[in-house]
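So that the names make sense, note that chain A is the first sequence line, chain B the second, and so on, each numbered from 1. The model shown is predicted, which means the values in this text are computed figures rather than measured ones.
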Amino acid sequence: MDDRAFTEPGPARPTAPGLPMAVLAELTHRCPLQCPYCSNPVELEAASRELSRDEWQRVIGELAALGVLQIHFSGGEPLVRRDLVDLVAHADGAGLYTNLITSAVMFTPAKVAELAEAGLAHVQVSLQGASAALAERIGGFRGGHARKIEAAGWVREAGMALTLNAVMHRQNLDELPRIIEMAVEMGAQRLEVAHVQYYGWALKNRAALMPTLAQLDEATRTVEEAQARLAGVLAIDYVIPDYYAVRPKTCMGGWGRQFFNISPSGKVLPCHAAETITGLRFDSVREAPLAEIWQRSEALNLYRGTAWMQEPCRSCIHAEEDFGGCRCQAFALAGDAAATDPACAKSPLHAGLFSLAGAEAEAGSDRFLYRNFSGGAPEG
Amino acid sequence: MSRLHLSAESVPALARHARLRFDRNRERWVLLVPERVMTPDEICVEILQACDGRATVGGLTAMLEQKYRAEPGVIAREVLALLQDLADRGYLIDREAA
């Protein structure tokens, strides 16, 4: 046993949770696209397991009562759900700020108008690349690129805020300057330039996606130049690939602290990747009231606060800032969800991770494993 | 798209996607915007409530000058800086320019 347990016992119970700010509502895992870095779990939930409209409406009421301010309707592709407009209207009526995270390929002018009428505030459209050929190869969906561009116009005409989310990796980073110009032309207020984070599908495709360090440096320069040039026109948020970072990301603002995720079948997760940590049991909104789950869920309480930490996190001055980084990444790479995230320079695994990233970026095959319901389809 | 430059003649209003609400659970005002929750202080709330699409920046500055004491020009400068910052983030529109 660690002697420190006697001299610095820490709180006997996890710190009581505060009020959650935002929730990611994954309405479905169905999606016409097959992006190889999809943030959904590798074992996708079947349509037959999805929460019904009535169940979601009850949950939305509970979210507002619990203190949640923003709801992000996500998927899979949330436009697959025929009751999406009803759910948006219900959330807006409950006082929640509504955001739709979509590939936009299923939009029609009528659907955009109905969603605007229902109170939808913000639409976030994914971009797989700047050129149709590359974007459609990555998404595995022919014709999708032009549809996105057209749909983004409808969103702007309806008066909703538009964010473009560009997921970046070795095979599309060279198109980044053009993606930034597209965001301006499409009238977006925000652009998220988000390097792939490696969980689930992306971890399976890591060798095909990992950027080189030179690409990363070039991307950072491009983003910084554009941020200065486009001040007041386009806000650019930038997420770096943490295998090349020194400090880990403050994943989800801390486990079970401000955000959570509801899976298509109603499981309450601290983040969309948490099911990659095997052995955790997540409560479902089908079994218990949401407020009770937020307070008492064993899985949510497990890594709340800092009392669960080991060294070097436990005595680290950044413990309350980054909460030791990402638990899913610690589990995937160190085999222990309570370990320091190997993205942190203080992790004994950090140097190995850095060189692994460089090696995969140089020598990895470009061939994707596409996301689907049967464990993935290798690129033909 | 080009940058919105505010002046004393501008008529600011919150954009459709920037929603000022009283958060009953936390008992404070919040400005809800894409991907963020902003927590304006008391004076900022007063300014945002005055951005009703009718008052000019000059008009709402005069209203604040009646209510709060400050060196000449300070309130005008601070109000314009606050509103320009919000406009740069895309949270304000100018009814005059529209």
Open item on the list: Do B/His17 and A/Met160 have side chains that approach each other closer than 4.5 Å (heavy atoms only, starting at C-beta)?
Closed with: no
Task: Under 3.5 Å: donor-acceptor pair, side chain of A/Gln70, backbone of B/Val33 - done: yes
Task: B/Glu35 versus chain A, the contacting section by heavy-atom distance below 4.5 Å - done: both
Task: Per-residue contact mode, A/Ala183 against chain B (heavy atom under 4.5 angstrom) - done: neither
Task: Pairing residues for B/Trp29 by the ring pair (Phe, Tyr, Trp, His ring centres under 6.0 Å) criterion, not counting sequence neighbours - done: B/Phe22
Task: Shortest non-hydrogen contact between B/Arg21 and A/Tyr97, atoms and distance - done: NH1-N, 4.1 Å
Task: Between A/Thr98, A/Asn99, A/Leu120, the one whose heavy-atom pairs under 4.5 Å with chain B are most numerous - done: A/Leu120
Task: Test side-chain contact (heavy atoms from CB on, under 4.5 Å) applied to A/Met21 and B/Asp23, B/Val37, B/Val30, the passing residue - done: B/Val37
TODO: Please state whether the side chain, the backbone, both or neither of A/Gln124 comes within less than 4.5 Å of a heavy atom of chain B.
DONE: side chain
Open item on the list: Need one label for A/Ile101: side chain, backbone, both or neither, based on atoms under 4.5 Å from any heavy atom in chain B.
Closed with: neither
Task: Close side-chain approach of B/Pro34 to A/Arg190, heavy-atom, < 4.5 Å - done: yes
Task: Pick from B/His5, B/Arg24, B/Arg26 with the largest number of heavy-atom pairs that fall under 4.5 Å of chain A - done: B/Arg26
Open item on the list: Rounded at 0.5 Å granularity, tell me how far CG in A/Leu69 sits from CG in B/Asn25.
Closed with: 8.0 Å
Open item on the list: Check this for me: A/Arg229, atom CZ, are more than 12 non-hydrogen atoms of other residues, nucleotides or ligands nearer than 6.0 Å?
Closed with: yes
Task: Heavy-atom pairs under 4.5 Å with chain B, option from A/Ala235, A/Ala22, A/Gly95 with the top count - done: A/Gly95
Open item on the list: Would you say CD of A/Glu321 has more than 12 non-hydrogen atoms from neighbouring residues, nucleotides or ligands within 6.0 angstrom?
Closed with: yes
Open item on the list: For the CD atom on A/Glu225, are there more than 12 heavy atoms of other groups (residues, nucleotides or ligands in this structure) within a distance under 6.0 Å?
Closed with: yes
